[in-house]
Amino acid sequence: MSHPEAFTMHQSLSFETLGFEGVESADQVNRITTALMMLDGVDSVEVGRHGADVEGTASREVLIRAVKALELPIVIR
């Protein structure tokens, strides 16, 4: 007996790294973490003062837009 769900195509998980300059507080780190985790396609996030490691199917562009939308005085690389 076949199982149709076994043949369903899934987007593959990717790993993206964003670099930050100018993140200076725990509040900024928490805001970035929350913004990234709220995105569809993000499975896990580790955020620190110097960057973020993101696993999931969300594109790099979507991740950058989410952080820029916070309007923090930081540079995203």
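Quick note: numbers below take in every heavy atom, side chains included, and nothing from hydrogens, waters or symmetry partners.
The shortest non-hydrogen separation linking Gln28 to Gly22 is OE1-O, 3.9 Å. The shortest non-hydrogen separation linking Ala66 to Ala35 is O-CB, 4.2 Å.
If you run side chain to side chain contact (heavy atoms under 4.5 Å, CB included) between Ile32 and each of Val67, Leu18, Ile76, Leu63, only Val67 comes through.
In the displayed structure, Glu55 atom CD is contacted under 6.0 Å by more than 12 heavy atoms of other residues, nucleotides or ligands.
Counting only residues at least two apart or in different chains, salt bridge (charged side-chain N to carboxylate O under 4.0 Å, His left out) contacts with residues 15-40 comprise Glu16-Arg60, Glu21-Arg77.
Partners of Thr17 by side-chain hydrogen bond (donor to acceptor under 3.5 Å, both in side chains), not counting sequence neighbours, listed by chain and number: Asp53. Evaluation of the side-chain contact (heavy atoms from CB on, under 4.5 Å) rule for Thr33 yields Val29, Met37, Val47 as partners, not counting sequence neighbours.
A 4.5 Å side-chain heavy-atom check between Leu13 and Thr57 finds at least one atom pair inside the cut-off.
Between the side chain of Ser14 and the main chain of Ser59, no donor-acceptor pair closer than 3.5 Å is present.
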